[in-house]
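The structure appears below as structure tokens.
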Amino acid sequence: MNKKLIAGNWKMNGSLAANDALVRALVAGLGVQSACDVAVAVPAPYLAQVQALVAGSPLALGAQDVSQHESGAYTGEVSAVMLREFGVRYVLVGHSERRQYHGETDVHVAVKTQRALATGITPIVCVGETLAEREAGQTEAVVRRQLAAVIHLNGHCISEVVVAYEPVWAIGTGKTASPEQAQQVHAVLRAQLAAASPRASTIRLLYGGSMNAANAAQLLAQPDIDGGLVGGASLKAADFQQIIAAAQ
Ligand code: PEP
């Protein structure tokens, strides 16, 4: 069984004061060691603040995006090397909000994954189908296509990524995939990874989409679910801590 990973995605939320209170509460709750890995993916301007707050604790720092470029004239972009300088350990890649609102394609996601890996940051590669795709019976084809692009470019390094299955219809909607629905897709992803890497069983597959304190335990009990990517519920210390407890 893989060590579980619970990663919070703050999205475009937070403030200096709110971050301070939230991270201090999480660090205090985790103590010196945790039975599962825990990370928070914070907005880029808060990386230095949160880096200082998590120092010496098991709480890992994450970012929400990384540039596909190494450096240069790309206004507004943040490179993997820059993230690394702030102690970033995980970066979300290909979140559906990036795909939907910022035109990120499967190829962009594959290149961003490569940039993160080359810099020693673990990419959390997000895949997932829309409601229309699910209703058209295309779920497997969509997630397989999204993951195939990442495998194709990254070859054997694929064993170093984390994959998050996030059905788009479940993100921020309060609608969660049932444990069985989630497990079914995770099994598909695991099989696809197994065809690409002898270490597929050690690749952590997270579920994301309205995970909360009430549904986390059942989702996390599924054989191919190795953790969660948590949006809304990661903004409240007590809720996030209950999800962490369910993973321990
Ligand atoms: C997310 O943003 O990755 C996410 C899963 O959000 P939520 O938990 O709010 O659905």
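Keep in mind that the numbers below use all heavy atoms, side chains included, and drop hydrogens, waters and symmetry copies. Predicted model only: the values in this text are computed from it and were never measured. All ligand and atom numbering here is 1-based and tracks the order in the structure.
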Inset, instruction - Could you tell me how the ring of Tyr165 sits relative to the ring of His186: parallel (under 30°), tilted (30 to 60°) or perpendicular (over 60°)? - result: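 The arrangement is perpendicular - the two ring planes meet at more than 60°.
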Legend entry - Neighbouring residues of ligand 1, heavy-atom cut-off under 4.0 Å: Asn9, Lys11, His95, Glu166, Ala170, Ile171, Gly172, Gly208, Gly209, Ser210, Leu229, Val230, Gly231, Gly232
Could you list the donor-acceptor pairs under 3.5 angstrom formed between side-chain atoms of residues 137-145 and any protein atom two or more places apart in sequence or on another chain?
| residue | atom | partner | partner atom | Å |
| --- | --- | --- | --- | --- |
| Arg145 | NE | Asp106 | OD2 | 2.7 |
| Arg145 | NH2 | Asp106 | OD2 | 3.4 |

Legend entry - Pair listing, side chain to side chain donor-acceptor pair (under 3.5 Å) test, anchored in residues 17-32, at least two apart: Asn19-Gln49, Asp20-Arg24
Inset, instruction - Provide the full list of side chain to side chain donor-acceptor pair (under 3.5 Å) pairs with a residue in residues 232-248, sequence neighbours left out, each pair given once. - result: Ser34-Gln248
Inset, instruction - For atom NZ of Lys175, decide whether the heavy atoms of other residues, nucleotides or ligands shown that lie under 6.0 angstrom number more than 12. - result: no
Legend entry - Pairing of Glu104 and Arg98 as salt bridge, 4.0 angstrom limit: yes
